[in-house]
Amino acid sequence: MIALSVNLNKVATLRNTRPHDDPSVVRAARTVLDAGAAGVTVHPRPDARHIREQDVLDLADVMKEAAYAGREFNIEGYPDDRFLDLIRRVKPDQVTLVPDAPDQATSDHGWDLPAQHNFLAPIVAELKDMGCRVSLFADAEPAIAEAMAKTGADRIEIYTGPYFETFGTPENAAILKAIVDTSEAARALGLGINAGHDLTLENLPTLAQAVPWIDEVSIGHHLIGEALWMGLDGVVKAYRDCLAV
Ligand SMILES: CC(=O)[C@@H](O)[C@H](O)COP(=O)(O)O
Ligand SMILES: NCC(=O)COP(=O)(O)O
C-alpha cells in the first residue's frame, strides 16, 4: 500500500496568525498518526511563513515516542546552511530536497539536472552518511531519471502540480503518462518513488491505480483544507482509502 505522509505546513499557517499555539502542530501530528498516517512531512522555509524551527524540534520528539515507532519524519527544503544545520540536529528518516527560492510562493518545479549535479551530489552523500533517506523533487520527465540516480539519491519525488491542474481535462492523460514513464525509468535505475503536491481526494485514486508502485505520497494543502469539513481523523482515513489499491 502506498504510504501517506501528511504535510503539516498549513496547520502552522493558521497557527501563525495569532501569538499562541493554536491550532497545535504537535496535536495535528498525533491526530494524523493515530488515524493511520505512515508519517508526517514539514517544509521549514527560510521565512518561517508556516513551519518554524521549533515545530521541527517538537515533531522530532513526537516521532521518537514508542507509540509512533515505524512512522517516518520527512523534512523538505532547499539545502542552504540553515536547513542543513537543522537536518544535522534532527536527522529525520527522510530529507526531500527541493530547488525552491526563498521567496517562492510554493514548490512548483524539480531540480535542474545534470546542471545542478555538482551542487547536489555532496549534499546527498552527507545526508545519507547521517542515515537519512534522500529524495529529490523531480518534474515528471523520464529523461531526468538517470541524472537523478547519479546524484546518489535514494528516491525521487515526482511533482504532481500539473497533474492537479489538468485533472478532468483531455490534457491530463499525457501528464499522467509522463508520471508513469518517469516512475518506471527511475525504478529501473533503483530509485524509490514518492509523489506530491496538490493531491486531492478527487485526483489521488487515478494516480494510485496508474502508479501502484509509488512508495509514498506526501499530502498537505488539500487534506488540511478538507479536514475543515471531515475532521482531521476522518480525512486521513479517507485519503488512506484512496491508496488501498
Ligand atoms: C514540495 C511540495 O510540493 C510541498 O511539499 C511543499 O512543501 C509545499 O509548500 P507550501 O506548503 O509552503 O506550499
Ligand atoms: N511534497 C508534497 C507535500 O508535502 C504536500 O504538498 P501539498 O499537498 O501541500 O500540495
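Just so you know, ligand 1 is whichever comes first in the structure, and atom 1 is the first atom listed for that ligand.
At least one heavy atom of Lys10 sits closer than 4.0 Å to an atom of ligand 1. His221 does not count as a contact of ligand 1, since none of its heavy atoms falls under 4.0 Å from the ligand.
Nearest to atom 11 (O) of ligand 1 among the protein's heavy atoms is Asn9 ND2, 2.8 Å. Taking atom 1 (C) of ligand 1 as the reference point, the nearest protein heavy-atom neighbour is Ser107 OG, 3.3 Å. Closest protein heavy atom to atom 8 (C) of ligand 1: Thr106 OG1, 3.6 Å.
No donor-acceptor pair closer than 3.5 Å links the side chain of Asp215 to the backbone N or O of Asn194. With Tyr163 contributing its side chain and Leu176 its backbone, the two residues share no donor-acceptor pair below 3.5 Å. Without hydrogens or angle criteria, Thr160 side chain to Gly196 main chain gives a donor-acceptor distance under 3.5 Å.
Partners of Asp139 under the side chain to side chain donor-acceptor pair (under 3.5 Å) rule, at least two apart in sequence or in another chain, do not exist in this structure. Asp108 pairs by the side chain to side chain donor-acceptor pair (under 3.5 Å) definition with Gln104, not counting sequence neighbours. Remark: Glu72 engages Arg133 in a side chain to side chain donor-acceptor pair (under 3.5 Å) (not counting sequence neighbours).
Geometrically, ligand 1 and Glu76 share a nitrogen or oxygen pair separated by less than 3.5 Å. By the 3.5 Å distance cut-off applied to N or O atoms, His43 is counted among the residues near ligand 1.
In summary, Glu53 and Arg82 do not engage in a salt bridge, as defined by a charged side-chain N under 4.0 Å from a carboxylate O. The pair Asp85-Arg89 fails the salt-bridge criterion, with no side-chain N (NZ, NE, NH1 or NH2) lying under 4.0 Å from an Asp/Glu carboxylate O. Between Arg45 and Asp47 there is no salt bridge, since none of the side-chain N atoms of the basic residue sits less than 4.0 Å from a carboxylate O of the acidic one.
Side chains of Tyr68 and Asp34: a donor on one and an acceptor on the other come within 3.5 Å.
Using a 4.0 Å cut-off between heavy atoms, Tyr159 makes no contact with ligand 1 at all. Using a 4.0 Å cut-off between heavy atoms, Arg45 contacts ligand 1 through its side chain alone, with no backbone atom that close.
Closer than 4.0 angstrom to ligand 2 by heavy atom are Asn7, Thr41, Glu76, Glu157, Gly196, His197, Asp198, Ser218, Ile219, Gly220, His221, sorted by chain and number.
Between Phe119 and Tyr78, the ring planes lie parallel to each other; the angle is under 30°, not in the 30° to 60° tilted range.
Residue Asn7 has at least one heavy-atom neighbour below 4.0 Å for each of these atoms of ligand 1: 5 (O), 7 (O). Within the listing of ligand 1, atoms 2 (C), 3 (O), 4 (C) sit less than 4.0 angstrom from a heavy atom of His197. Per-residue contacts place His50 under 4.0 angstrom from the following atoms of ligand 1 (heavy atoms of the residue considered): 10 (P), 11 (O), 12 (O).
Phe164 and Val98 are members of different hydrophobic clusters when ILVMFWY side chains are connected at heavy-atom separations under 4.5 Å.
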